[in-house]
Protein chains: 2
Amino acid sequence: MPHSSSIAESASTHSGFGDFRMTKQRKVVYDVLMDERDHPTASEVFLRAKGKMPGISLATVYNCLETMTQAGLIKQVNVDREASRYCPNLRPHAHFFCSECEQIYDIDLRRHADLEAAWELPEGSRIDHVDVAMKGVCPKCGSATDLSKSEN
Amino acid sequence: MPHSSSIAESASTHSGFGDFRMTKQRKVVYDVLMDERDHPTASEVFLRAKGKMPGISLATVYNCLETMTQAGLIKQVNVDREASRYCPNLRPHAHFFCSECEQIYDIDLRRHADLEAAWELPEGSRIDHVDVAMKGVCPKCGSATDLSKSEN
DNA sequence: ATTTTTATTTAGAATAATTCTTGATCTCAA
DNA sequence: TTGAGATCAAGAATTATTCTAAATAAAAAT
C-alpha cells in the first residue's frame, strides 16, 4: 500500500507545505532566492547555487523552482517572453520592471485595495490568480538626467 | 470583405502610425485578427492567413505581428510562458484566461477605476504600461457540472 | 538492519516558440 | 528607370524549458 495521507506529514525534511520535501538541493535553491531578493532567472539561480553546492545541475534547479512554485513557497515572475524569474515574496504584490536598469521591483498591494473591483468581470467568473506587471522607469533611473544614462 | 473600420485603411499603404506601412501581408494579418477576436497565437494566425494569401510565410507573420505591435495597432498577450497571442482590442483591458477551455477573454476596465491607486508605488516611478492577466474559470465552464466536462 | 518502494537528482537529448540570416522582391522617390 | 531602403520568404539558429533514462537517495516495509 503506497502512502496516502494527504497533508500532515511527520519529521525531518518536511516543511508542512503539502507533500513537499525540503531536500538539500531545494534548500540551496530556496536560500539563493532568500539571500538576494533580486528576481534571478533559473540560470542565475543555477550559478549562485553552484557556489553553495558545486555538483548541482541546471535540471535540478529547474525542478526545484517548479516544485517550490507548485508548493507555493516561491513565485514565478514572467515579464513578456523573457526568461522566468523567481521570488520568495509571498505577500500579494505586483511586479515593476524598469526598462532602464532591467531590474524587477516588488510592489505591494495597498491594504484595502480591491483588485477585482476595477474590472468588468462577467458574472460567475472564478478568479484563481491575478498577475499584475508594470513596465516603466524606476525613480533611480528616472531622476538620472538623460545625459548620464550611465549605470545603476 | 468584412470589417471596414478604423485605422489602417486610408489611401496608400500609409496608416499615420509613425513610419508604418500597411503592406498586403500586414493587412492580411491584421484582418485575421479583426475577423475572429479570439486571441490566436502566431501559428494560428499563420494558418488563417494562408487562407487569404497562400504564399505567406510564418516568418512574415511573426514580422507583421511584431511590427504592428510596435506600431500600436495590436496588442501582444502573454499568459505565463505559453505562446504569445494577439488581439486588436486597443481599449485598456485585462485578460482572463480560463484554465478549463483555455480561451482568453478581454475584460474591460471600469470607467472610473484607477489602476495605480491600488499599489504602493515608490515616488517618482514612471509607468508606461500595466499588464493585468487573470486566471480562473469562466462562467460557461464554471456552470457546467463537473460531470459534463465535455467541450466548449 | 536489510530489502523494497518511491521520490529525487543528473546529464544530455528533445522540444517549441521565436529570432536571425540571406537573398529575392517590392515600394517609393529622385 | 534606377537606386535605396524596406519587406518578404525559407530555412537555419537560438534559447529557455521540458523530457528521458539511468543513478542515487530517502522512506517505508519487512
Side-chain angles (χ1 to χ4, degrees), chain A residues 1-6 8-15 17-30 32 39-47 49-50 52-71 73-74 76-86, chain B residues 8 10-15 17-30 32 39-47 49-50 52-71 73-74 76-86 102:
Chain A
M1 290 277 147
H3 76 74
S4 60
S5 54
S6 42
E9 304 296 331
S10 43
S12 65
T13 58
H14 273 100
S15 65
F17 281 81
D19 195 0
F20 179 83
R21 276 186 214 164
M22 185 55 87
T23 63
K24 283 197 213 76
Q25 288 83 347
R26 286 173 185 166
K27 181 83 169 49
V28 165
V29 166
Y30 185 71
V32 164
H39 306 83
T41 63
S43 330
E44 281 161 358
V45 171
F46 175 51
L47 288 173
K50 278 204 292 194
K52 297 169 184 265
M53 181 187 268
I56 199 170
S57 78
L58 178 57
T60 296
V61 169
Y62 270 105
N63 286 341
C64 293
L65 291 171
E66 147 111 48
T67 332
M68 297 172 89
T69 302
Q70 305 284 42
L73 272 176
I74 62 174
Q76 188 185 51
V77 183
N78 293 301
V79 174
D80 295 342
R81 306 213 86 268
E82 315 220 307
S84 292
R85 294 158 179 269
Y86 299 86
Chain B
S10 51
S12 69
T13 56
H14 270 99
S15 65
F17 279 78
D19 196 359
F20 178 82
R21 277 186 211 164
M22 185 53 87
T23 64
K24 284 198 213 73
Q25 287 84 346
R26 286 173 186 169
K27 181 81 167 52
V28 165
V29 167
Y30 185 71
V32 163
H39 306 83
T41 62
S43 330
E44 282 161 359
V45 171
F46 174 52
L47 288 174
K50 278 204 292 194
K52 298 168 182 262
M53 180 186 268
I56 199 168
S57 78
L58 178 58
T60 296
V61 168
Y62 269 105
N63 285 340
C64 292
L65 290 171
E66 146 112 48
T67 331
M68 297 171 89
T69 301
Q70 304 284 42
L73 274 174
I74 63 175
Q76 189 185 50
V77 182
N78 293 302
V79 174
D80 296 340
R81 305 212 87 265
E82 315 220 308
S84 292
R85 295 158 179 268
Y86 298 86
E102 308 210 291

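Per chain, numbering begins at 1; letters A, B, ... match sequence-line order.
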### Pairs meeting criterion salt bridge (Lys or Arg N to Asp or Glu O under 4.0 Å) with involvement of residues 52-63 of chain A, two or more places apart
A:Asp35-A:Lys52
### Length of the OH-P vector between B:Tyr30 and D:dT7, whole Å
18 Å
## Note on the structure
Taking pairs as Watson-Crick (N1-N3 plus N6-O4 or O6-N4) or G-U wobble (N1-O2 and O6-N3), each distance under 3.5 Å, the stems of three or more consecutive pairs with DNA chain D are C:1-30 with D:1-30
### Message
On the nucleotide D:dA25, are OP1 or OP2 found under 4.0 Å from the side-chain N or O atoms that A:Gln25 carries?
### Response
no
### Query
Whole-Å distance between D:dT15 P and A:Asp80 CG?
18 Å
### Query
B:Lys50 has an atom NZ; how far is it from atom C1' of D:dA10, in whole Å?
13 Å
### Query
Of all residues at least two apart in sequence or in a different chain, which pass the side chain to side chain donor-acceptor pair (under 3.5 Å) check with A:Ser43?
none
### Message
So if I take every side-chain heavy atom of A:Thr23 and compare against C:dT8, C:dT27, C:dT10, which nucleotide ends up nearest?
### Response
C:dT8
### Task
Keeping the roles fixed (side chain from B:Arg26, backbone from B:Arg21), state whether a donor-acceptor pair exists under 3.5 Å.
yes
### Task
Would you name the heavy atoms of A:Tyr86 and A:Ala42 that are closest together and state the gap between them?
CE1-N, 4.2 Å
### Task
State whether A:Ser57 places a side-chain N or O below 4.0 Å from either non-bridging phosphate oxygen (OP1 or OP2) of C:dT10.
yes
### Where protein sits on nucleotides 13-26 of chain C, one letter per nucleotide: B base, S sugar-phosphate only, - none, heavy atoms under 4.0 Å
----SBB-------
### Message
Rounded to whole Å, please give me the gap between CE in B:Met53 and P in D:dT7.
### Response
15 Å
### Query
With sequence neighbours excluded, what pairs up with B:Lys50 under the side chain to side chain donor-acceptor pair (under 3.5 Å) test?
none
### Message
Any side-chain N or O of B:Arg26 below 4.0 angstrom from OP1/OP2 of D:dT7?
### Response
yes
#### Entry: Residue among A:Val45, A:Leu73, A:Ile74 satisfying side chain to side chain contact (heavy atoms under 4.5 Å, CB included) with A:Val29
A:Val45
### Euclidean distance, atom CZ of residue A:Phe46 to atom C1' of C:dT10 [Å, nearest integer]
11 Å
### Student check: side-chain heavy atoms of A:Asn63 and A:Gln25 closer than 4.5 Å
no
### Message
Using modelled atom types and a 3.5 Å cut-off, is there a donor and acceptor pairing between side-chain atoms of A:Arg85 and backbone atoms of A:Asn78?
### Response
no
### Message
Just the rounded figure in Å: distance from C1' of D:dT7 to CE of B:Met22.
### Response
14 Å
### Task
With sequence neighbours left out, write down each residue that passes side chain to side chain donor-acceptor pair (under 3.5 Å) with B:Glu66, or none if nothing qualifies.
B:Gln70
### Rounded distance in Å - CZ (A:Arg21) to C1' (C:dA7)
5 Å
### Task
Mind calculating the distance between CD (A:Gln70) and P (C:dT8) to the nearest angstrom?
12 Å
